[in-house]
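To start, the structure itself, in structure tokens.
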Amino acid sequence: MRNKKWLALILVASMLPGCAGNSKLTRKRNLVIPVGVDSTTAELADSTAQDIFVEFEQEDKANKLKQDALLSMVAADTIWNFLKFIGDTSAKVTREQRQQAIARFNRGAANMQRVMDVQKRLNRKGINEKTIKELRSELYKILIQAKQSFEEAIKLNPFDLENRDALSWVLWKLVQYYENKDANIELINVLTELTILDKGDDQLYFRLGQAYHSMEYWDRALKNFQKAEQMLRDFPSSDMTDQALKKTEQTSLSPEDSLNLYTYIYYQGDTYAELLDAKQALERLETALTYTHNPERQQVIHQYVEWINWDNGNVRASKLKDKILETYAQDNNHKKAVTNFKKLLTILQNRRAKDEINWRIARIEFTGLNELEEGIDRLSKIVFTTKKNAQGFPVDSTYNPYFEDFAIMCNNIAMHNLTNRLSRKFAYTYLLQAVQIHSTIRGNLYVELAKLTNNNPTTCINNSLEAFKYINPEDAENLGLIMKSLTNSYRRLGQQNEVKLWYALWKLLKANQWKDLHYGISNAFARTPDVCVRWSQYTLDNYRKELSKREVEQLQVLLLNSYKTMRDRGVVSLQMKKSGKFGGAN
């Protein structure tokens, strides 16, 4: 009797990362004469080599064409010819053939039972890696035996649909096996055979597209992703009208269909990108976006669109940038990376992309090649010409890292000059340049300026007070340095009230009385609105439970008065006054 136990297979579409693009084959025809070889010998070797050798690139291409031929071998397999007989009433099968087919079927069914037994053993908890490897090897052998049995049964009796269903079940198991083993040629052959058995299964075409995609057969991958979409539209799991399909929000789709459709269209966009067709890629990605409300999937598409548009849709440039970064991360070859980035610059179209690459070159020149002047000069041209808002921040937030690195470079050159006792003037110049740039180290830079200008009390005081606009309120070391600078500088100027104030605050810092320290700094800057807002709001946010009612009221008065002064000066908006947010770069 025939074994009629079947397992239902539910395949979930998975997201796979795109692969790198193809490289075009180029053949050098000019005679190359190696060092130490005369021209006659070189010519003789060249003419002989043409007959007996094949260039490596040409050999690689031949190997790929060989793979391509393997992918098409299934089409010539006799099983396909027998599958074509399904539905053909003119063909006949003898009684002996039917009996032999049943025997082959029963043999395959027995192997199917063995497959399920092995799977149960694989699913047991606590088995070691060696056992798993052995069981997987056994599973593969059984599946191949079952496949051969069912194919023989079909050859003997193509009209028995049960043979076809059984073969389909085995092939699906092989799909799962090959996906785990990454054997793409075998997987493609199995999937292609399955599409003959079941022409209406969208998942089959999607899996086939994925397999081609992983092997960089972009045209074939695209064709199968498109076929998967068409199959799903023609045979959805839920009722769907043509009118519903035209809606931007596909509310008539079941959640499963909606996810699958998103995936199929997304992969089309990804494949178009690999084919360097930015227009089609963007159209497909935007369409995929209408089939999902998942924030993570939406973010994936937004990032992909941004990647494509990095250089006005110049996908080749985006791919080259990624390749250079990947190679640099692996070999850390600074000179090679700079050379490749400079080549990339020659094909870039918009300033934003060029600025990013120049920034990357500047970083490598400065930190990797120790070419300090070249690095900082390259980056300064970007920073100085970048459009800034009223507060001095770059209008385009993606430029923030460029500003940050420029400030760091200036600081490093300044410290290099001071540490090696080269030039205080140069150090001062670079620090002065750095504080004009908005960065997270701006407070530290003003501290260094205060230390460097301690011989000039007035200048030292100005730098120290400026540091309070940007310094981290919990940076004990730098707070101590600038309060000592203020105490000493005011003493030299004979301003005793200021000396007492900053000395008292310095003592609070040394005693770790942070609440009183921050409250005192807030009051110290009552006449400097922007600094007062910064410290008063910070004190309220961090010590409200520890502050007395009078202290809270005092800080609120300081905030209101400071906001009013700033608003009257056109520095801050009413919206900023209502928000009461802590300001500054840190």
Side-chain angles (χ1 to χ4, degrees), residues 328 332-339 341-342 355 357-386 388 392 394 399-472 475-493 585-586:
Y328 183 47
N332 204 34
N333 188 323
H334 308 306
K335 287 187 177 181
K336 179 182 175 183
V338 167
T339 299
F341 275 133
K342 286 181 178 179
D355 284 348
I357 297 305
N358 273 311
W359 163 65
R360 293 186 182 279
I361 294 174
R363 281 168 58 94
I364 299 174
E365 288 174 333
F366 194 92
T367 61
L369 299 174
N370 201 33
E371 297 174 354
L372 307 186
E373 292 184 357
E374 291 84 347
I376 199 167
D377 179 60
R378 184 183 297 275
L379 192 53
S380 69
K381 292 173 182 176
I382 299 174
V383 171
F384 295 158
T385 58
T386 296
K388 306 169 186 65
Y399 279 68
N400 286 338
Y402 311 169
F403 280 52
E404 185 77 14
D405 283 346
F406 181 70
I408 292 172
M409 288 181 184
C410 288
N411 177 69
N412 288 351
I413 292 179
M415 294 303 103
H416 175 75
N417 274 271
L418 293 175
T419 303
N420 294 282
R421 302 177 65 83
L422 299 176
S423 171
R424 286 193 178 91
K425 180 181 178 181
F426 260 59
Y428 179 73
T429 302
Y430 275 107
L431 288 173
L432 206 59
Q433 176 64 73
V435 295
Q436 297 177 45
I437 303 300
H438 282 280
S439 67
T440 59
I441 66 167
R442 206 173 186 186
N444 296 4
L445 294 168
Y446 271 114
V447 173
E448 294 297 333
L449 277 172
K451 289 161 58 178
L452 191 58
T453 58
N454 60 4
N455 289 331
N456 187 315
T458 302
T459 305
C460 181
I461 288 170
N462 289 336
N463 287 321
S464 298
L465 294 177
E466 281 294 313
F468 280 99
K469 292 182 180 180
Y470 311 102
I471 197 171
N472 185 337
D475 186 345
E477 182 180 356
N478 279 328
L479 282 172
L481 286 171
I482 56 178
M483 284 192 283
K484 284 179 66 176
S485 295
L486 287 168
T487 301
N488 293 330
S489 295
Y490 279 123
R491 181 181 289 117
R492 292 171 65 185
L493 293 176
N586 290 306

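- Atom CG of Leu418 and atom CG of Leu431 lie 7.0 Å apart (nearest 0.5 Å).
- The backbone N or O of Val383 lies less than 3.5 Å from a partner atom in the side chain of Lys388, making a donor-acceptor pair.
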If you apply the rule side chain to side chain contact (heavy atoms under 4.5 Å, CB included), what do you find for Glu466 with Val435, and how did you get there?
CA-CA 10 Å; Glu466 281 294 313; Val435 295; over 6 Å; no

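- In this structure a side-chain-to-backbone donor-acceptor pair under 3.5 Å is present from Asn420 to His416.
- Using modelled atom types, one finds no donor on one side chain facing an acceptor on the other under 3.5 Å when comparing Asp475 with Asn472.
- Without hydrogens or angle criteria, Glu448 side chain to Asn444 main chain gives no donor-acceptor distance under 3.5 Å.
- Put simply, CG on Asn463 and CG on Leu452 are 9.0 Å apart, with the number rounded to the nearest 0.5 Å.
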Test side chain to side chain contact (heavy atoms under 4.5 Å, CB included) applied to Lys381 and Thr385, step by step
CA-CA 6 Å; Lys381 292 173 182 176; Thr385 58; 5.6 Å; no

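- Of the possible donor and acceptor atoms, one in the side chain of Arg492 sits under 3.5 Å from a partner among the backbone N and O of Asn455.
- Applying the ring-ring contact (aromatic ring centres under 6.0 Å, His included) criterion to Tyr399, with sequence neighbours excluded, gives Tyr402.
- A distance of 10.5 Å separates CG of Asn400 from NE2 of His438, quoted to the nearest 0.5 Å.
- Rounding to the nearest 0.5 angstrom, the gap separating the OG atom in Ser489 from the CG atom in Asn462 is 9.5 Å.
- Distance check: Ile437 CD1 to Asn411 CG gives 13.5 Å after rounding to the nearest 0.5 Å.
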What's the verdict on side chain to side chain contact (heavy atoms under 4.5 Å, CB included) for Met483 and Phe468, showing C-alpha distance, side-chain angles and the deciding distance?
CA-CA 10 Å; Met483 284 192 283; Phe468 280 99; 4.2 Å; yes

Side chain to side chain contact (heavy atoms under 4.5 Å, CB included) between Gln433 and Phe406, intermediate numbers included:
CA-CA 10 Å; Gln433 176 64 73; Phe406 181 70; 3.9 Å; yes

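- Other residues, nucleotides and ligands contribute only 12 or fewer heavy atoms inside 6.0 Å of the NZ atom of Lys484.
- Between the CG atom in Asn488 and the CG atom in Asn454 there is a gap of 8.5 Å [rounded to 0.5 Å].
- For the pair Tyr430 and Ile376, the minimum side-chain heavy-atom distance is below 4.5 Å.
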